[in-house]
Amino acid sequence: MTKPQGIAVLGATGSVGCNTLDVVARHPERYRVVALTAHRQLDKLFEQACRFRPDYLVVADADAAASLRERLADAGVSGEVLHGAGALEQVASLPEVDAVMAAIVGAAGLPSALAAARAGKRILLANKESLVVAGRLFIDAVRASGASLLPVDSEHSAIFQSLPADYAGDPEASGIRKIILTASGGPFRNKTMAELAGVGPDDACRHPNWSMGRKISVDSATLMNKGLEVIEAHWLFGVAPQRIEVVVHPQSVIHSMVQYRDGSVMAQLGSPDMRTPIACALAWPERIEAGVESLDFFSLSDLTFEKPDLQRFPCLRLAFDALAAGGDAPAVLNAANEVAVAAFLAGGLRFVDIPRVVAATLSGVSCTASDSLDGLLARDREARRFAEAEVAAC
Ligand code: NDP
């Protein structure tokens with residue numbers, strides 16, 4: 001029997017993290033949980049530790065670590081408890097870790113995902129912000145170490161599965177005309193501008209098809225999520241922005257497509273359940289049970305397609321613009337968006353002001369390319385400061 005693969009789940013207490021553990025739990029012979037990390041949800045992490053018995057746990061700070069240590073000791077559960085951002089990088093690089101699920105939300109997930117890339121791990125990438133903020137640096141680190149990078153975002157998983165098996169990052173050589181990213185359109189697809197001015201955080205987090213964390217739910221509602229995915233697709237598959245098209249497909253049955261020179265379109269279909277792309281990334285090229293219902297073609301309603309409305313959802317255009325501008329523009333876009341979304345979720349910014357804050361930050365902060373992680377993180381901080389001032393002025 002082959003040895004189980006060691007897995008580190010970064011962001012274990014989140015939506016993707018929990019779905020990952022659901023899939024992993026179905027295959028105890030294949031996977032062993034080496035490390036789990038959380039930020040604030042200590043109760044959930046404690047329950048996961050009792051169930052999966054990892055060697056390492058990471059939490060945000062020393063107080064949280066002390067409290068978790070005590071609870072684990074009382075429950076007779078072993079496992080070393082670490083804390084802080086450095087510990088995330090440490091567990092992502094452990095020799096006994098074969099695969100790292102990068103499922104922390106936001107730019108906070110970049111250093112640990114990059115550490116996994118530098119350590120040559122199999123990276124299961126949910127944290128799209130890593131590629132948005134540091135695309136070139138990240139891809140170079142993957143190539144230099146021989147790491148493998150497997151997309152977890154359902155759209156990118158669909159594209160990955162629709163590309164030729166030997167695809168080497170050159171769309172022209174593989175006869176690819178276009179990458180088509182599908183978007184559900186989010187909960188506000190049919191709302192007018194006037195209605196959008198009045199929507200609140202809970203409305204935005206009520207996604208019609210997917211159950212996700214609050215930040216990505218808001219991004220889905222503004223279409224910034226699709227914009228971040230355009231940038232992610234550019235880095236993952238080596239495609240220029242002109243070859244990436246976004247199509248609104250409200251049913252979320254087709255998860256994305258690749259259109260070839262001869263007119264063929266390869267698509268991946270399935271139920272909107274993140275366990276499918278997670279299982280695909282975990283086991284590729286094998287296919288494992290993920291607990292997902294089969295698609296029932298006879299109960300499907302019509303499959304429909306629309307152009308995205310960039311007037312009502314300008315975030316998608318801002319992301320395309322940032323990708324075209326290059327340099328640190330995508331990192332600035334991402335930082336401003338994180339600040340604006342956090343303010344919106346806290347009740348301190350209107351939904352329609354999210355793109356205004358992002359656009360103002362892109363105009364107000366220098367986007368000259370940084371060539372190191374430190375440079376990018378400094379740019380991220382600068383953009384956050386600028387965006388916070390913009391939020392305060394709204
Ligand atoms: P959640 O908000 O549900 O979970 C985020 C996770 O990150 C939690 O474990 C959280 O810990 C942890 N975390 C938050 N802030 C920090 C920090 N500063 N340092 C360390 N850990 C932190 O997010 P999702 O699971 O929805 O999304 C995770 C990533 O996956 C995002 O990049 C998202 O874009 C991407 N993604 C998500 C999809 C989905 O279906 N949800 C689909 C495709 C991509 P705690 O909860 O303990 O505070």
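Just follow the structure's listing: the first ligand is 1, and inside any ligand the first atom is 1. This one's a predicted model, so the numbers in the text were calculated from it and none came from an experiment. Counting from 1, the numbers follow the sequence of the chain as shown.
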Can you confirm whether more than 12 heavy atoms, excluding those of E306, are under 6.0 Å from its CD atom? yes
For R51, does the CZ atom sit with more than 12 other heavy atoms under 6.0 Å from it, leaving out its own atoms?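 Counting neighbours around CZ of R51, 12 or fewer heavy atoms of other residues, nucleotides or ligands fall under 6.0 Å, so no.
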Protein residue, atom and distance nearest to [atom], heavy-atom basis:
atom                    : value
atom 45 (P) of ligand 1 : T13 OG1, 3.2 Å
atom 29 (C) of ligand 1 : I104 O, 3.7 Å
atom 25 (O) of ligand 1 : V16 N, 2.9 Å
atom 4 (O) of ligand 1  : G14 CA, 3.1 Å

Should you measure from each heavy atom of [X], which atoms of ligand 1 turn up under 4.0 Å away?
X    : value
A126 : 30 (O), 32 (O), 35 (C), 36 (N), 44 (C)
E129 : 31 (C), 32 (O), 34 (O)
G11  : 6 (C), 7 (O), 9 (O)
N127 : 32 (O)
A108 : 17 (C), 18 (N)
M274 : 40 (O), 42 (C), 43 (C)

Backbone or side-chain N or O of [X] under 3.5 Å from ligand 1 N or O:
X    : answer
D153 : no
L88  : no
I216 : no

Verify whether one side chain among [X] and [Y] offers a donor that lies under 3.5 Å from an acceptor in the other.
X    : Y    : result
T361 : E390 : no
D328 : S370 : yes
E89  : S93  : no
E129 : N127 : yes

Evaluating non-hydrogen atoms only, which member of [options] is closest to [atom]?
atom                    : options                : value
atom 7 (O) of ligand 1  : T20, V132, V9, V105    : V105
atom 12 (C) of ligand 1 : M212, Q41, H39, E232   : H39
atom 3 (O) of ligand 1  : P277, S15, A107        : S15
atom 28 (C) of ligand 1 : G109, S130, G213, A103 : A103

When you measure from the heavy atoms of K128 to every atom of ligand 1, does any distance fall below 4.0 Å? yes
Is there a heavy atom of G17 sitting under 4.0 angstrom from any atom of ligand 1? no
State, yes or no, whether a side-chain contact exists between I354 and V218 at a heavy-atom distance under 4.5 Å. yes
With a 4.5 Å cut-off on side-chain heavy atoms, are L57 and L72 touching?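 SC-SC contact between L72 and L57 confirmed.
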With V199, which residues qualify under side-chain contact (heavy atoms from CB on, under 4.5 Å), at least two apart?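 If we apply the side-chain contact (heavy atoms from CB on, under 4.5 Å) test to V199, skipping adjacent residues, the hits are F188, K191, D203, F351.
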Can I get a per-line list of side-chain donor-acceptor pairs under 3.5 Å for residues 33-47, giving both atom names and the distance, sequence neighbours left out?
from, atom 1, to, atom 2, distance (Å)
T37, OG1, G11, N, 2.9
Q41, NE2, T13, O, 3.3
D43, OD1, R71, NH1, 2.7
K44, NZ, T13, O, 3.2

Evaluate the side chain to side chain donor-acceptor pair (under 3.5 Å) criterion for residues H156 and S256: first the C-alpha distance (whole Å), next the side-chain angles of each, then the deciding distance (0.1 Å), finally the verdict. CA-CA 7 Å; H156 304 76; S256 280; over 6 Å; no
For ligand 1, indicate whether the residue R40 contacts it via side chain, backbone, both or neither (heavy-atom separation under 4.0 Å).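 It is both parts that get close, each with some atom under 4.0 Å.
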Please identify which of these residues, K178, Q259, K307, meets the side chain to side chain donor-acceptor pair (under 3.5 Å) condition with E245. K178
